[in-house]
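Values in this document were obtained by computation on a predicted structure and should not be read as measured data.
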Amino acid sequence: MPRSLQQEPAQSALNIRRYGPALGAEVFGVDLARGLDLPTYEQVRRALLEHQVLFFKNQTEIPPQTQIEIGRMFGELHMHPAAPQMAGYPEIFEIYVARDSKIANGEFWHSDVSCDEVPPLGTILQLHILPAVGGDTLFANMYATYQALSEPMKRMLAGLTALHESEHVYRERYSDRGVDDTGRQYPSATHPVVRTHPETGRKALYVNRTFTTRINELEAAESEALLGFLFDHCEGIDFQIRYRWERNDVAFWDNRCAMHRAIWDYWPERRKGRRVTIKGDRPA
Ligand code: SIN
């Protein structure tokens, strides 16, 4: 049972406005820096299932412990296998890109840490420092990418599983931020190519260009061709929105039915924020 952080009376009903035809909604009327009461939590949970990604507007900086407590209302928190943790708050992954960064987090299409056996349900990210322009995030609706396939293709994918790996993604990735990963093992996992969302019961494609490396049941050349087709298909603009951040906006996305890509087009400017990630279910 999720617990209420905020002992005050319920915040008023949320004002939720669709962001784009493909997915997403903007949320007005809640100040997350004060935590979430149970009625508001229920509204947020329902809205997340309906819209797949929510953008909370008119926010102030959320204290780290409050962000952790909000995340815990949705489930146990996930610990990132590679990223540096915030000092004193190991559940928080600090997003930080600056002039000397080697990489920007999430630059290629992915569902967060899909290489884990039990990958995340969702991610709550607040950005505190933004470039003057740029640094948008793309999100794609993976129910819609599945629905758009032909029936014969759906039937073929129904029996297939894919390998999701992370060694090629994470090895030395955060060395410029002081992470020495010598001797560390990075996760890999097999998941169905089509997963059924545990709460909505809807089917979604579950492959992405960052982590998915192989369709297990096919020959190597067949796997390469099919994955190439699926990646291109899922990255089609009809399935997407492009979110332009304002300072202190909070995005909450459902990794089980949406993937995303953070665009690094603002070098040498900085972009900074904090993220908590919620554990999910084993994809089925
Ligand atoms: C991520 O967590 O994948 C990055 C998203 C972003 O920075 O917009």
Does any part of the side chain of [Y], heavy atoms only, come nearer than 4.5 Å to the side chain of [X], both counted from C-beta?
X	Y	answer
Asp254	Leu49	yes
His168	Thr213	yes
Leu125	Gln67	no
Val44	Met73	no
His191	Thr212	no
Asp181	Tyr186	yes
Arg209	Cys234	no

[Y] reachable from [X] in the ILVMFWY side-chain graph, under 4.5 Å edges:
X	Y	answer
Met86	Ile62	yes
Phe56	Ile92	yes
Leu36	Leu14	yes
Val250	Leu77	yes
Leu54	Leu23	no

Verify, without hydrogens or angle tests, whether Glu91 (side chain) and Gln65 (backbone) share a donor-acceptor contact under 3.5 angstrom.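 No, because the side chain of Glu91 does not come within donor-acceptor range (under 3.5 Å) of the backbone of Gln65.
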Is there a donor-acceptor pair closer than 3.5 Å between any side-chain N or O of Lys203 and the backbone N or O of Lys154?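 No; zero donor-acceptor contacts below 3.5 Å.
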To which residues is [X] joined in a hydrophobic cluster, defined by side-chain heavy-atom contacts under 4.5 Å among Ile, Leu, Val, Met, Phe, Trp and Tyr, whether direct or through other members?
X	answer
Ile237	none
Tyr143	none
Leu160	Trp109, Leu138, Met142, Tyr146, Leu149, Met153, Met156, Leu157, Val193, Val194, Leu205, Val207, Ile215, Leu218, Leu226, Leu227, Phe229, Leu230, Phe231, Met259, Ile263

To the nearest 0.5 angstrom, please state how far the [atom1] atom of [X] sits from the [atom2] atom of [Y].
X	Y	atom1	atom2	value
Arg244	Asp249	CZ	CG	12.5 Å
Asp37	Gln43	CG	CD	8.5 Å
Arg173	Glu167	CZ	CD	13.0 Å
Asn15	Lys57	CG	NZ	13.0 Å
Cys115	Tyr170	SG	OH	4.5 Å
Asp281	Thr196	CG	OG1	11.5 Å

If you take all heavy atoms of [X] and [Y], which pair is closest and at what distance?
X	Y	result
Phe74	Leu121	O-CD1, 4.1 Å
Val30	Thr40	CG2-CG2, 3.8 Å
Thr60	Ala33	OG1-CB, 3.4 Å
Gly71	Val276	CA-CG2, 4.2 Å
Phe55	Gly24	CE1-CA, 4.5 Å
Pro192	Pro283	CD-O, 3.7 Å

Before you tell me yes or no, could you show the steps for His128 and Asn248 under side-chain contact (heavy atoms from CB on, under 4.5 Å), namely the whole-Å CA-CA distance, both residues' side-chain angles and the distance that decides it to 0.1 Å? CA-CA 5 Å; His128 309 123; Asn248 292 331; 3.4 Å; yes
Candidate pair Tyr19 and Phe139, rule ring pair (Phe, Tyr, Trp, His ring centres under 6.0 Å), full reasoning: CA-CA 11 Å; Tyr19 187 77; Phe139 292 88; 8.9 Å; no
Tell me, with the steps shown, if Ser114 and Asn208 meet side chain to side chain donor-acceptor pair (under 3.5 Å). CA-CA 8 Å; Ser114 69; Asn208 64 79; 3.0 Å; yes
Would you please say whether a donor-acceptor pair under 3.5 Å links the side chains of His260 and Asp112? yes
According to the side chain to side chain donor-acceptor pair (under 3.5 Å) rule, which pairs have a member within residues 265-274, sequence neighbours left out? Glu61-Arg274, Thr137-Arg271
What pairs of residues pass the side chain to side chain donor-acceptor pair (under 3.5 Å) test when at least one of them lies in residues 45-55, not counting sequence neighbours?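 For residues 45-55: Tyr41-Arg45, Arg45-Glu199, Gln52-Asn141.
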Give a yes or no on this: more than 12 heavy atoms of other residues, nucleotides or ligands lie within 6.0 Å of atom CZ of Arg177. yes
Heavy atoms from other residues, nucleotides or ligands near CD of Glu224 exceed 12 (cutoff 6.0 Å):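 No - once you tally the heavy atoms of other residues, nucleotides and ligands closer than 6.0 Å, there are 12 at most.
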Verdict with supporting geometry, His78 and Ile278, side-chain contact (heavy atoms from CB on, under 4.5 Å): CA-CA 5 Å; His78 173 273; Ile278 303 144; over 6 Å; no
Ring of Phe28, cation from Arg17 - is the NZ or CZ under 6.0 Å from the centre and inside 45° of the axis?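 Yes, Arg17 lies over the aromatic ring of Phe28.
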Full working for side-chain contact (heavy atoms from CB on, under 4.5 Å) between Glu165 and Arg214: CA-CA 9 Å; Glu165 296 183 286; Arg214 178 72 199 251; 5.9 Å; no
Arg261 bridged to Asp136 by N-O distance under 4.0 Å: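 Salt bridge flag = no for Asp136 with Arg261.
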Close aromatic pair by centroid cut-off 6.0 Å: His233 and Phe239: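 His233 vs Phe239: aromatic centres under 6.0 Å.
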Sequence neighbours excluded - ring-ring contact (aromatic ring centres under 6.0 Å, His included) pairs with any residue from residues 84-107: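 Only His80-Phe93 qualify under ring-ring contact (aromatic ring centres under 6.0 Å, His included).
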